[in-house]
Amino acid sequence: MSLQETTIKIKQMIDDLHEQFIKAEDPADTKSLEFFHKVKSETAPMFELTSQWLEEAEEFVKSRSVSVHPNQVKSTHENIEMLILHSYYHDVERKRFKELHQSSHYVLDMVLNDLEK
């Protein structure tokens, strides 16, 4: 999968997570083993995709003169991982979740724009 395809998939994924965060009610028992296994199985592919994006994006920004800096890529990766977890555990305010979501989209869009150059 190319960096462009991975970036587009990540954008869709974080939009889905945002929708999940907004619509979902708090989970019944976040400390239950059953809930933990559910979250672990559902998020594993997301974390894998995010790690793949990090590797591809870091390589891309190192090898070219682009508007995205390596620190932005690393921070965006961390923000996306937080979005994944917060969308299940709801342990952050809506405002903070929205900020993480918008910040991630901003950098992902910058990567896509740089890819088109």
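Keep in mind it's a predicted model, so treat the numbers as computed, not measured.
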Going by side-chain contact (heavy atoms from CB on, under 4.5 Å), [X] matches just one of [options]. Which one?
X: Ile84; options: Thr43, Leu49, Asn79, Ile14; result: Thr43
X: Leu108; options: Asn113, Val73, Thr7; result: Thr7
X: Lys9; options: Met1, Met46, Gln4; result: Met1

(request) Evaluate side chain to side chain contact (heavy atoms under 4.5 Å, CB included) for Val61 paired with His69, printing each intermediate quantity in order. (result) CA-CA 7 Å; Val61 299; His69 298 281; over 6 Å; no
(request) Could you walk me through whether Ser51 and Glu48 pass the side chain to side chain contact (heavy atoms under 4.5 Å, CB included) test, one step at a time? (result) CA-CA 5 Å; Ser51 294; Glu48 191 175 308; 5.8 Å; no
I need the [X] [atom1] to [Y] [atom2] distance, nearest 0.5 Å.
X: Asp114; Y: Asp109; atom1: CG; atom2: CG; value: 11.0 Å
X: Phe47; Y: His77; atom1: CZ; atom2: NE2; value: 8.5 Å
X: Ser87; Y: Glu42; atom1: OG; atom2: CD; value: 9.0 Å
X: Arg96; Y: Asp91; atom1: CZ; atom2: CG; value: 11.5 Å
X: Leu100; Y: Thr76; atom1: CG; atom2: OG1; value: 10.5 Å

(message) Any carboxylate oxygen within less than 4.0 angstrom of a Lys/Arg side-chain nitrogen, looking at Lys23 and Glu19?
(response) yes
(request) Salt-bridge test for Glu78 and Lys74: reply yes if a basic N is under 4.0 Å from a carboxylate O, no otherwise. (result) no
(request) Count the heavy atoms of every other residue, nucleotide or ligand shown that sit under 6.0 Å from CD of Gln20, and state whether that count exceeds 12. (result) yes
Below 4.5 Å, heavy atoms only, C-beta onward: do [X] and [Y] meet side chain to side chain?
X: Val66; Y: Met110; result: no
X: Leu83; Y: His18; result: no
X: Lys98; Y: Gln102; result: yes

(message) Taking Ile8 as the starting point, is it possible to reach Tyr106 by hopping between hydrophobic residues whose side chains are less than 4.5 Å apart?
(response) yes
(request) Please test Met13 against Ile80 for side chain to side chain contact (heavy atoms under 4.5 Å, CB included), starting from the C-alpha separation and ending with a verdict. (result) CA-CA 9 Å; Met13 180 186 77; Ile80 293 168; 3.8 Å; yes
(request) Any chance you could lay out the side-chain hydrogen bond (donor to acceptor under 3.5 Å, both in side chains) test for Gln52 and Glu56, step after step, and finish with the verdict? (result) CA-CA 6 Å; Gln52 178 184 344; Glu56 293 171 0; 3.0 Å; yes
(request) Verify whether the ring centers belonging to Tyr88 and Phe36 lie closer than 6.0 Å. (result) no
(request) Report the relative orientation of the aromatic rings in His86 and Phe97; use parallel for angles under 30°, tilted for 30 to 60°, perpendicular for over 60°. (result) perpendicular
(request) Determine the interplanar angle of the His90 and Phe21 rings, folded into 0 to 90°, and report it as parallel if under 30°, tilted if 30 to 60°, perpendicular if over 60°. (result) parallel
(message) Restricting to non-hydrogen atoms, name the atom on Val111 and the atom on Phe60 that form the minimum distance, rounded to 0.1 Å.
(response) O-CE2, 4.4 Å
(message) Please find the pair of heavy atoms, one from His101 and one from Asp15, that lie closest to each other, and give the distance.
(response) NE2-OD1, 2.9 Å
